[in-house]
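Down below is the structure, laid out as structure tokens.
Note that these values count all heavy atoms, side chains included, but never hydrogens, waters or copies made by symmetry. Since the model is a prediction, treat every value here as computed from it, not as a measurement.
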Amino acid sequence: MSEVEDWREALSTAGELSGPIVDAILSAHGDRGRRAIEAVSEERVKQYRDFTVVVGHDDEYMVEDGGCTCKDAAYNLDTSDPSQRCWHALAVEVAERVGAVDHHDMWYSEVREFL
């Protein structure tokens, strides 16, 4: 089992971030992992009826099926390789496993009109 699978399985089982799980995420993903954990702790993972969105510092990014609309995912990463995820996609994976997704019973496309 790879290191990436290890932290995902461990986090699914534990349901919360612990020191060893955080260490595994950081070991596997470095700064992207750190930024993902920060986003989850700051409640920046939002689930709408149509999309899951991660609020970044300059924009909001839609994450779906492990893919993301950010430039890092588009230009720097192989989305077919689970060890290569942008921090937005990692944040969604972490938030889902620890129950930290902020659910909104509305369409993101409607919310986006106001931004």
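Distance check: Asn76 CG to Lys71 NZ gives 11.5 Å after rounding to the nearest 0.5 Å. Distance CD1/Ile21 to CG/Asp6: 10.5 Å, rounded to 0.5 Å.
Counting all heavy atoms, side chain and backbone alike, Ala39 lies closest to Ala91 at CB-CB, 4.1 Å. Of all heavy-atom pairs spanning Gly56 and Arg44, the tightest one is CA-NH1, 4.0 Å. Between Leu26 and Gly33 the shortest heavy-atom distance is CD2-C, 4.0 Å. When all heavy atoms of Cys68 and Ala73 are compared, the pair lying nearest together is O-CB, 3.7 Å.
At least one donor-acceptor pair under 3.5 Å links the side chain of Asp81 to the backbone N or O of Ser83. Looking at Ser12, its side chain never comes within 3.5 Å of a backbone N or O of Arg97 through a donor-acceptor pair. Remark: side-chain polar atoms of Ser27 are not paired, donor with acceptor, to backbone N or O of Asp23 under 3.5 angstrom. Remark: side-chain polar atoms of Gln84 are paired, donor with acceptor, to backbone N or O of Asp78 under 3.5 angstrom. Formation of a donor-acceptor pair under 3.5 Å by the Arg85 side chain with backbone atoms of Leu90 is not found in this model. Without hydrogens or angle criteria, Asp50 side chain to Tyr108 main chain gives a donor-acceptor distance under 3.5 Å.
Counting heavy atoms from C-beta outward, Val94 and Leu11 have side chains that approach closer than 4.5 Å. Between Met106 and Tyr48 the shortest side-chain heavy-atom distance falls below 4.5 Å. Here the side chains of Val101 and Lys46 are not in contact, with every heavy-atom distance at 4.5 Å or above. By the 4.5 Å heavy-atom criterion applied to side chains, Trp87 and Val54 are counted as neighbours. Ile37 is listed as a side-chain neighbour of Ile25, based on a closest heavy-atom distance under 4.5 Å. Side-chain atoms of Thr52 and Met62, non-hydrogen and from C-beta on, never get closer than 4.5 Å to each other. Side chains of Gln47 and His104 form no contact here, defined as non-hydrogen atoms less than 4.5 Å apart.
With a 6.0 Å radius and a threshold of 12 heavy atoms from other residues, nucleotides or ligands, Glu38 has its CD atom above the threshold.
With sequence neighbours left out, the side-chain hydrogen bond (donor to acceptor under 3.5 Å, both in side chains) criterion links His103 to no other residue. Annotation: side-chain contact (heavy atoms from CB on, under 4.5 Å) contacts of Asp31 (sequence neighbours excluded): Arg34, Arg35. Looking at residues two or more places apart in sequence or on another chain, you find a salt bridge (charged side-chain N to carboxylate O under 4.0 Å, His left out) between Asp72 and Arg32.
Clustering ILVMFWY residues whenever any of their side-chain heavy atoms sit less than 4.5 angstrom apart, transitively, puts Val63 in a cluster other than the one holding Leu77. With hydrophobic clusters built from ILVMFWY side chains whose heavy atoms lie under 4.5 angstrom apart, Phe51 does not share a cluster with Tyr61.
For the residue pair His29 and Trp7, a side-chain donor N or O sits within less than 3.5 Å of a side-chain acceptor on the partner.
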